[in-house]
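Since we're looking at a predicted model, the values are computed, not measured.
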Amino acid sequence: MSRPARALLDAGALKHNLQQVRLHAQRSRVMAIVKANAYGHGLAWVARTLGESADAFGVSSIEEGLQLRAAGVTRPVCLLEGFFSADELPLLSKQRLEPVIHHDGQLRALEQASPLLRLTVWIKVDTGMHRLGFPPVAVENIVKQLRNSRAVTGVRIMSHFARAEFPNDDVTRSQINDFAKLIRNLELETSLANSAGILAWPSSHFDWVRPGIMLYGASPLMDKDAATLDLKPVMTLESALIAVPPRKKGDAIGYGGDWRCPEDMPVGVAAIGYGDGYPRHAPPGTPVLVNGRRVPTVGRVSMDMITLDLRTQPQAKVGDPVVLWGQGLPVEQVAQSAGTVSYELLCQVTERIPRVVV
Ligand SMILES: *Cc1c(COP(=O)(O)O)cnc(C)c1O
């Protein structure tokens, strides 16, 4: 027997979630966002499972792009953080990796690039995120410049939402309006919506949508959970009980010893910890499933273990299944308890957790 901690991956759920994207954005093409090892799910597995049903893939680095090519992906691959130096351009051209560009140095590099290259580039425009992107007023000129560059054979444009997860939000409304105004006379392929835009802001769909978190089955919206949105969790992080010792009233549990048993009670130990990516900051009370039923954590999260209040499950025994998130326990709820977002929990599942396709 090996350590029971593992991440089960559900291919059917992944395909279902892509169908949900299609259902919401029927006139748009889909760039499946698979950066950060496909939000922790495994880049090659996600890309192969989606296959030709995604129109393109989005990653953050050339290395991730090359991994996709090595996995046999033939669809366009977009580099969401662009390129970092001019010497990368021949490789991008050869591997058909499409950089998003956001600063003048990149424009100059493209101008000076060999005319034998064939590059599709995406202009990043800043409509309110205030992170990356050219200001809208600069775009018309940039398009002209790019069209004069022989190495550039395709030009597209994208922007990114700052807070589309909030319903009825003025910032989001103005981002959509500004983007729509900007692209009106440009005749370029366009993209704005992330998962929240796809689900909550239909006027943001444009030519390409860029779903990330919803593909993996977590809700991107503040006011709706994944089940309401008909999204299915792709990853179920599970382990098992490895001890169920009875404790006495007043016993201090684990590191620091600041959680004490309020009465005589069983405190289960599950083989999962921050060394696996379970959040160390998850406070006592964070929900976990034991035998499919919710129990709260107690004490601190260790590197390899967590401790559980088993008062409602006195029959629980060594070997019983424990689910940390996924099937039956939405990752958003664990994230909320730990003061973070589902994105972080999913992409920080460490390498020592075997990914097992079910
Ligand atoms: C990560 C990312 C997305 C996907 O965002 P989700 O909220 O996960 O849907 C879309 N576009 C860009 C530019 C991104 O970096």
Item to complete: Assess whether atom OH of Y255 is packed by more than 12 heavy atoms of other residues, nucleotides or ligands within 6.0 Å.
Response: no

Worksheet entry | Side-chain ion pair, K248 and D251, N-O less than 4.0 Å | no

Discussion item. Under a 3.5 Å threshold, yes or no: a donor from one side chain and an acceptor from the other, between D230 and H16?
Written reply: yes

Discussion item. If hydrophobic clusters are built by linking Ile, Leu, Val, Met, Phe, Trp and Tyr wherever their side-chain heavy atoms come under 4.5 Å apart, do F161 and V341 end up in the same one?
Written reply: yes

Fill in: S239 to L324 - nearest heavy-atom pair and separation
N-CD2, 4.0 Å

Discussion item. Any side-chain to backbone donor/acceptor pair from H41 onto A38? Under 3.5 Å, distance only.
Written reply: yes

Worksheet item: Any side-chain heavy atom of L199 sitting closer than 4.5 Å to one from L221?
Response: yes

Worksheet item: If you take all heavy atoms of V34 and L43, which pair is closest and at what distance?
Response: O-CD1, 3.1 Å

Discussion item. Hydrogens and angles aside, do R294 and Q313 bring a side-chain donor and acceptor to less than 3.5 Å of each other?
Written reply: no

Worksheet item: Can a donor-acceptor pair be found between the side chains of D87 and S85 at a distance below 3.5 Å?
Response: yes

Practice prompt. Could you pull out all residues at least two apart from R6 that satisfy side-chain hydrogen bond (donor to acceptor under 3.5 Å, both in side chains)?
Written response: E238

Discussion item. Using only atom types and a distance under 3.5 Å, with no angle test, would you say the side chain of R29 pairs donor to acceptor with the backbone of D207?
Written reply: no

Worksheet item: Side-chain contact, heavy-atom cut-off 4.5 Å: L241 with V244?
Response: yes

Response to the item:
Closest non-hydrogen contact found for L50 with A32 is CD1-CB, 3.9 Å

Practice prompt. Determine whether V125 and V171 fall in the same hydrophobic cluster, where Ile, Leu, Val, Met, Phe, Trp and Tyr are linked whenever their side-chain heavy atoms lie under 4.5 Å apart.
Written response: no

Item to complete: With rounding to the nearest 0.5 Å, note down the distance linking CG in L192 to OG in S204.
Response: 5.0 Å

Fill in: Pairs flagged by side chain to side chain donor-acceptor pair (under 3.5 Å) wherever residues 116-132 is involved - sequence neighbours left out
E98-W122, T127-S159, T127-Q175

Worksheet item: Passes side-chain contact (heavy atoms from CB on, under 4.5 Å), V288 versus V323? Steps please.
Response: CA-CA 6 Å; V288 167; V323 168; over 6 Å; no

Discussion item. I'd like to know if the side chain of N194 and the backbone of P211 have a donor-acceptor N/O pair within less than 3.5 Å.
Written reply: no

Worksheet item: Salt bridge check: are R163 and D169 linked by an N-O gap of less than 4.0 Å?
Response: yes

Item to complete: Spell out, as yes or no, whether a donor-acceptor pair under 3.5 Å connects the side chain of S60 to the backbone of L80.
Response: no

Practice prompt. Would you please test T190 and F179 for side-chain contact (heavy atoms from CB on, under 4.5 Å) and show each step?
Written response: CA-CA 9 Å; T190 53; F179 190 71; 3.9 Å; yes

Fill in: Cationic N near anionic O, under 4.0 Å, D320 to R293
no

Discussion item. With side-chain contact (heavy atoms from CB on, under 4.5 Å) as the criterion, how do V356 and L9 come out once you've worked through the C-alpha distance, each side chain's angles and the decisive distance to 0.1 Å?
Written reply: CA-CA 6 Å; V356 179; L9 299 177; over 6 Å; no

Fill in: Short side-chain to backbone donor-acceptor contact, R48 and G72, under 3.5 Å
no

Practice prompt. Report yes if some heavy atom in the side chain of M214 is under 4.5 Å from a heavy atom in the side chain of V21; otherwise report no.
Written response: yes

Discussion item. More than 12 heavy atoms of other residues, nucleotides or ligands under 6.0 Å from CD of Q336: yes or no?
Written reply: no

Fill in: Qualifying salt bridge (charged side-chain N to carboxylate O under 4.0 Å, His left out) pairs, either residue in residues 268-283, two or more places apart
R3-D276, D276-R352

Practice prompt. Verify the neighbour count for atom CZ of R150: are there more than 12 heavy atoms of other residues, nucleotides or ligands below 6.0 Å?
Written response: no

Worksheet entry | CG on L92 to CZ on F83, rounded to 0.5 Å | 7.5 Å

Worksheet item: Just by distance, do the side chain of R247 and the backbone of A252 share a donor-acceptor pair under 3.5 Å?
Response: no

Worksheet entry | Exercise: do T228 and D225 side chains pair donor with acceptor under 3.5 Å | yes

Worksheet item: So, the side chain of T297 versus the backbone of P283: is there a donor-acceptor pair under 3.5 Å, distance only?
Response: yes

Practice prompt. Evaluate the side-chain contact (heavy atoms from CB on, under 4.5 Å) criterion for residues W208 and M158: first the C-alpha distance (whole Å), next the side-chain angles of each, then the deciding distance (0.1 Å), finally the verdict.
Written response: CA-CA 9 Å; W208 287 85; M158 75 161 68; over 6 Å; no

Fill in: Side-chain donor/acceptor of D55 to backbone N/O of V30, under 3.5 Å
yes

Fill in: Salt-bridge criterion met for E81 and K35 (N-O under 4.0 Å)
no

Practice prompt. Would you give the length of the straight line joining atom CE of M235 to atom CH2 of W325, rounded to the nearest 0.5 angstrom?
Written response: 7.0 Å

Worksheet item: So which heavy atom on V234 is nearest to which on L215, and how close?
Response: CG2-O, 3.4 Å

Discussion item. I'd like to know if the side chain of N141 reaches the main chain of A138, judged simply by a donor and an acceptor atom lying under 3.5 Å from each other, with no hydrogens or angles considered.
Written reply: no

Discussion item. Counting neighbours of CD on E140 that are heavy atoms of other residues, nucleotides or ligands and sit closer than 6.0 Å, is the number greater than 12?
Written reply: no

Discussion item. For Q112, is there any backbone N or O sitting under 3.5 Å from a side-chain donor or acceptor partner on R108?
Written reply: no

Item to complete: Taking all heavy atoms of L89 and all of A113, pick out the closest pair and write down the distance.
Response: CD1-CB, 4.0 Å

Practice prompt. May I ask you to check whether over 12 heavy atoms, not counting those of E187, lie within 6.0 Å of atom CD?
Written response: no

Item to complete: Give the minimum heavy-atom separation between L79 and S61, together with the two atoms involved.
Response: CD2-O, 3.5 Å

Worksheet item: Would you say the ring centroid of Y343 lies under 6.0 angstrom from that of Y216?
Response: no

Fill in: Within one Ile-Leu-Val-Met-Phe-Trp-Tyr cluster: L308 and M265, side-chain cutoff 4.5 Å
no

Worksheet item: Cluster question for you: counting only ILVMFWY and a side-chain heavy-atom cut-off of under 4.5 Å, with indirect links fine, are L289 and V295 together?
Response: yes

Fill in: Transitive ILVMFWY side-chain link V139 to V100, under 4.5 Å
yes

Worksheet item: Rounded to the nearest 0.5 Å, how far apart are CD of E344 and OH of Y39?
Response: 13.5 Å

Fill in: Atom pair OH/CD of Y278 and Q348 - distance to nearest 0.5 Å
11.5 Å

Discussion item. Counting C-beta onward and ignoring hydrogens, is there a side-chain heavy-atom pair between K144 and R147 closer than 4.5 Å?
Written reply: no

Fill in: I123 side, atom CD1; I183 side, atom CD1 - distance, nearest 0.5 Å
12.0 Å

Worksheet item: Is there a side-chain contact between L146 and I142, using heavy atoms and a 4.5 Å cut-off?
Response: yes

